[in-house]
Amino acid sequence: MIPGDGIGPEVIFAAQACLNATGVSFEWEIHSAGEGAVSRAGSPLPEDLLESIRRNKVALKGPITTPIGGGIRSVNVELRRKLDLYACVRPCRLYPGVPSRYQEVDLVVIRENTEDLYGGLEYRDGSSEVRELIAWVESHGGGAPSLDSAISLKPISYHGSARIARFAFEYALRQGRKKVTVVHKANIMKYTDGLFLKVARRVASDYAGRIAFEEQLVDSLCMQLVQHPESYDVLLLPNLYGDIVSDLCAGFIGGLGMAPGANVGDQAVVFEPTHGSAPQYRGQDKMNPTAAILSGVLMLRHLGETEAADRLEQAVCDVVREGKFVTFDLKSGQNGFGSATTREMANAIIRSMESEMRSEKR
Ligand code: NAD
């Protein structure tokens with residue numbers, strides 16, 4: 001377990017309490033990451049943390065702050081890269097009782113997690129690298145960028161695109177989903193997004209007759225999603241669009257406090273809420289622990305603990321539907337009046353689960 005920083009420890013320890021109450025016996029190894037880990041271990045992503053995840057093959061992780069525009073590189077991106085967690089899976093399901101503009105939403109965002117503009121290939125304005133890159137572009141007949149530019153590279157590979165497309169279709173089959181929509185901007189980025197699309201088409205042909213396939217430009221998708229989220233099932237996206245669209249989808253289901261996620265690789269899976277560390281709320285015990293708890297539900301399912309997963313998800317569902325012990329973000333229209341703290345909400349979920357377990361025994 002990596003509690004993270006900002007609101008991370010509050011929501012992750014709440015999730016841990018819920019997971020411990022399912023009856024599954026856990027042995028937790030707790031590790032810190034991010035700026036907090038630098039003073040302790042000399043690195044924002046200490047080797048013992050990576051070794052622990054490689055050995056255990058699963059982790060539950062809280063969000064970690066990334067300074068904007070400078071400072072340390074994103075620990076989250078680096079963790080995904082080091083463990084080759086190539087698929088980010090973010091199910092977006094609207095639970096009854098959650099305040100939302102929508103009636104019905106049940107879709108899954110599958111985001112490529114290792115390539116694209118998140119590869120960390122960035123060059124500062126005024127640097128010698130940028131001057132060399134611009135000279136190279138000029139000598140290859142391109143319209144060279146202005147000399148005062150900063151430059152990021154967007155690599156998208158055949159291998160990276162094929163494995164995420166295959167993952168999306170296999171996921172759809174396993175989960176009984178009907179359709180995969182590949183999202184791109186290949187009309188403008190003909191080679192990078194063009195490759196992602198071309199490979200997705202090829203993979204889709206292996207699933208013809210079993211899983212429907214459609215293609216959509218990312219801008220058009222955003223408009224259609226906002227109007228008709230119920231028309232979508234599994235969305236397959238390159239890294240950057242996937243990041244943005246999954247926050248958009250969280251808005252359908254009650255906000256970031258309700259959106260769980262998993263970063264999946266062949267060797268390990270790291271479960272974490274979609275939301276960030278919301279540092280301005282740190283230590284206030286008021287943020288919604290549901291995204292972290294539902295990430296724990298995904299972890300239980302991954303571990304084959306289906307009964308415990310069902311029990312915990314049902315308890316979340318019951319507490320949210322009742323609407324009594326829920327955090328401020330689920331008390332819309334009441335200015336947060338009467339909202340529960342993070343701990344109170346987690347305790348209500350535990351009580352609900354325990355009372356269900358007692359009545360099952362009787
Ligand atoms: P954020 O997700 O932390 O917060 C945005 C807003 O969403 C909050 O102000 C709040 O209104 C709402 N929100 C988030 N979590 C919530 C919860 N559990 N319950 C209720 N409401 C919630 O996004 P941000 O402010 O843009 O980013 C803050 C930091 O988090 C940045 O440093 C960013 O890099 C980092 N971040 C980390 C991860 C990760 O660790 N995987 C993911 C996203 C952002």
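Atoms within each ligand, like the ligands themselves, are counted from 1 in listed order.
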Can you tell whether the side chains of R174 and E170 come within less than 4.0 Å, N to carboxylate O?
no
Please give the N or O to N or O pairs under 3.5 Å between ligand 1 and the protein, distances rounded to 0.1 Å.
from: ligand 1; atom 1: 2 (O); to: G276; atom 2: N; distance (Å): 2.6
from: ligand 1; atom 1: 3 (O); to: G276; atom 2: N; distance (Å): 3.4
from: ligand 1; atom 1: 3 (O); to: G276; atom 2: O; distance (Å): 3.4
from: ligand 1; atom 1: 3 (O); to: S277; atom 2: N; distance (Å): 3.2
from: ligand 1; atom 1: 3 (O); to: A278; atom 2: N; distance (Å): 2.7
from: ligand 1; atom 1: 9 (O); to: Q280; atom 2: NE2; distance (Å): 3.1
from: ligand 1; atom 1: 18 (N); to: H275; atom 2: NE2; distance (Å): 3.3
from: ligand 1; atom 1: 18 (N); to: N288; atom 2: O; distance (Å): 2.9
from: ligand 1; atom 1: 19 (N); to: N288; atom 2: N; distance (Å): 3.0
from: ligand 1; atom 1: 30 (O); to: S277; atom 2: N; distance (Å): 2.9
from: ligand 1; atom 1: 30 (O); to: S277; atom 2: OG; distance (Å): 3.2
from: ligand 1; atom 1: 32 (O); to: T66; atom 2: N; distance (Å): 2.8
from: ligand 1; atom 1: 32 (O); to: T66; atom 2: O; distance (Å): 3.1
from: ligand 1; atom 1: 40 (O); to: K61; atom 2: NZ; distance (Å): 3.3
from: ligand 1; atom 1: 40 (O); to: I64; atom 2: N; distance (Å): 2.8
from: ligand 1; atom 1: 40 (O); to: N76; atom 2: OD1; distance (Å): 2.9
from: ligand 1; atom 1: 40 (O); to: N76; atom 2: ND2; distance (Å): 3.0
from: ligand 1; atom 1: 41 (N); to: E272; atom 2: OE1; distance (Å): 3.2

Between R351 and E354, does any NZ, NE, NH1 or NH2 come within less than 4.0 Å of an OD or OE carboxylate oxygen?
no
Over 60° means perpendicular and under 30° means parallel, so classify the ring planes of F252 and Y102, tilted if in between.
perpendicular
Check K154 with D116, please: is the shortest side-chain N to carboxylate O separation under 4.0 Å?
yes
With a 6.0 Å cut-off on ring centres, are F271 and H302 close enough?
yes
Stepwise salt bridge (charged side-chain N to carboxylate O under 4.0 Å, His left out) test for R80 and E112
CA-CA 11 Å; R80 292 167 198 162; E112 201 290 324; over 6 Å; no
